[in-house]
Amino acid sequence: METPRWGKPGWLELVQVRLGYRFRNEELLNQAVTHRSYAHENPGHGLCDNERLEFLGDAVLNAVTSHLVMSRFPDKPEGELTRIRSSVVSKRALARVAREIGLGEFLLLGKGEDRTGGRGKASILADSYEAVVGAVYLDGGYQGAFEMLQAHLSGRLEAAGLKAGKQDFKTLLQEQSQRQQQTMPCYTLVSESGPDHDKRFRVSVSIGGVAMGQGEGKSKKEAEQQAAEQALKRLRAGPDPP
């Protein structure tokens, strides 16, 4: 379990160095790291918990990451931009950012939450990071939040963009078939051959009971992707001539 640093000499300076942002109003930072468990256990301290800042930070995070994604990937369509943004602002992704910063060390938690490993919980870390984003926005405006998030997320955006560049034909086929046919693709394992160490799978895909494509690969997933790619080409080309 991480050793808490909140309240120790130099903690304010250290957390701001870790964040890469210097607060004009450090009370906002105090609030951002105050979990509701601490505020409930210590009502006499007059501290507000970070939930309102978390609410604001969630909205700011989506706005800034949308801006960053559009700027970084000017040629990608809306669907891909949405997937890239979602992968970067998911709770799991934000928890990883918080861990890299060491944000858990600075959280003000109730005794019970602290004893049960709250400083390492993904949900608490992600929510606290959103609260920090909200605090930075109130302290330094959109530009302050933009600069901090750009520094924290640029590498992740690049990685997410590379991943998005690898076409997920199953997802694309599902979206296309729902738009055109109002139905979902159905995948069927046609055959399985070869020894255990060198299996080959053949899969077919149909839409509305009509066979649209087949694929083969070393895994069912690979075969399904090939089948989906073939079906997507047929679907986009329109109905077969009579």
Side-chain angles (χ1 to χ4, degrees), residues 58-59 61-97 99 121-123 125-127 129-130 149 152-242:
D58 177 65
L61 191 63
N62 275 288
V64 172
T65 51
S66 296
H67 187 167
L68 289 169
V69 169
M70 285 188 66
S71 298
R72 176 63 187 83
F73 305 108
D75 300 322
K76 288 192 181 295
E78 182 268 343
E80 283 193 48
L81 296 178
T82 299
R83 283 190 283 274
I84 293 170
R85 182 187 63 193
S86 296
S87 71
V88 172
V89 300
S90 69
K91 291 292 186 181
R92 182 180 296 180
L94 295 181
R96 284 197 292 267
V97 176
R99 287 192 182 99
K121 288 181 181 176
S123 58
L125 288 171
D127 291 347
Y129 184 77
E130 288 179 337
L149 288 170
H152 291 178
L153 303 180
S154 286
R156 287 177 165 77
L157 285 171
E158 189 69 31
L162 290 172
K163 186 176 180 181
K166 298 176 181 177
Q167 295 273 24
D168 180 359
F169 292 107
K170 285 187 68 177
T171 299
L172 293 172
L173 178 63
Q174 178 178 314
E175 293 171 350
Q176 188 83 9
S177 64
Q178 285 179 315
R179 280 197 300 270
Q180 287 184 225
Q181 309 287 343
Q182 289 77 53
T183 188
M184 298 280 283
C186 179
Y187 295 87
T188 304
L189 179 63
V190 175
S191 66
E192 180 180 333
S193 61
D196 288 343
H197 69 278
D198 190 23
K199 286 281 190 184
R200 300 294 296 181
F201 298 88
R202 181 175 287 276
V203 169
S204 69
V205 60
S206 60
I207 298 173
V210 178
M212 298 292 288
Q214 283 202 3
E216 187 175 316
K218 293 183 178 180
S219 67
K220 290 180 185 178
K221 185 175 181 180
E222 183 182 342
E224 287 173 350
Q225 284 287 343
Q226 281 193 19
E229 182 180 8
Q230 190 179 109
L232 187 64
K233 288 177 181 176
R234 284 189 63 186
L235 203 60
R236 285 173 171 171
D240 292 332

Say you draw a straight line from [atom1] of [X] to [atom2] of [Y]; how long is it, rounded to the nearest 0.5 Å?
X: Thr65; Y: Ile84; atom1: OG1; atom2: CD1; answer: 11.0 Å
X: Tyr187; Y: Lys220; atom1: OH; atom2: NZ; answer: 14.5 Å
X: Ser66; Y: Leu68; atom1: OG; atom2: CG; answer: 9.0 Å
X: Glu175; Y: Met184; atom1: CD; atom2: CE; answer: 10.5 Å
X: Phe201; Y: Lys218; atom1: CZ; atom2: NZ; answer: 12.0 Å
X: Lys170; Y: Gln226; atom1: NZ; atom2: CD; answer: 13.0 Å

Closest approach of [X] and [Y], non-hydrogen atoms and distance?
X: Ala228; Y: Val205; result: N-CG1, 4.4 Å
X: Arg156; Y: His152; result: NH1-O, 3.7 Å
X: Gly217; Y: Ala223; result: N-CB, 3.8 Å
X: Arg234; Y: Ala211; result: NH1-O, 3.1 Å
X: Leu235; Y: Ile207; result: CD2-CD1, 4.0 Å
X: Ala93; Y: Ser87; result: CB-O, 3.3 Å

Problem - Salt-bridge present (Lys91, Glu130; N to O < 4.0 Å) - result: yes

Practice task
Check the pair Leu94, Leu61 against side-chain contact (heavy atoms from CB on, under 4.5 Å), reporting the backbone distance first and the verdict last.
Solution key: CA-CA 10 Å; Leu94 295 181; Leu61 191 63; 3.4 Å; yes

Practice task
Step by step, work out the side-chain contact (heavy atoms from CB on, under 4.5 Å) result for Gln225 and Glu222.
Solution key: CA-CA 5 Å; Gln225 284 287 343; Glu222 183 182 342; 5.8 Å; no

Exercise for the section: Indicate whether the side chain of Glu78 and that of Thr82 have a donor and an acceptor atom separated by less than 3.5 Å. Expected result: yes

Exercise for the section: Say whether, by atom type as modelled, one donor and one acceptor occur between the side chain of Ser204 and the main chain of Gln214 under 3.5 angstrom. Expected result: no

Practice task
Mind checking side-chain hydrogen bond (donor to acceptor under 3.5 Å, both in side chains) for Gln182 and listing every partner two or more places apart, or none if nothing turns up?
Solution key: none

Practice task
Quick one: do Leu173 and Met212 satisfy side-chain contact (heavy atoms from CB on, under 4.5 Å)? Show the steps, please.
Solution key: CA-CA 11 Å; Leu173 178 63; Met212 298 292 288; over 6 Å; no

Exercise for the section: Give a yes or no on this: more than 12 heavy atoms of other residues, nucleotides or ligands lie within 6.0 Å of atom NZ of Lys199. Expected result: yes

Practice task
Name all residues meeting the salt bridge (charged side-chain N to carboxylate O under 4.0 Å, His left out) criterion together with Arg85; count only those two or more places apart in sequence or in a different chain, and write none if there are none.
Solution key: none

Problem - Within-4.5 Å side-chain heavy-atom neighbours: Pro77 and Glu80 - result: yes

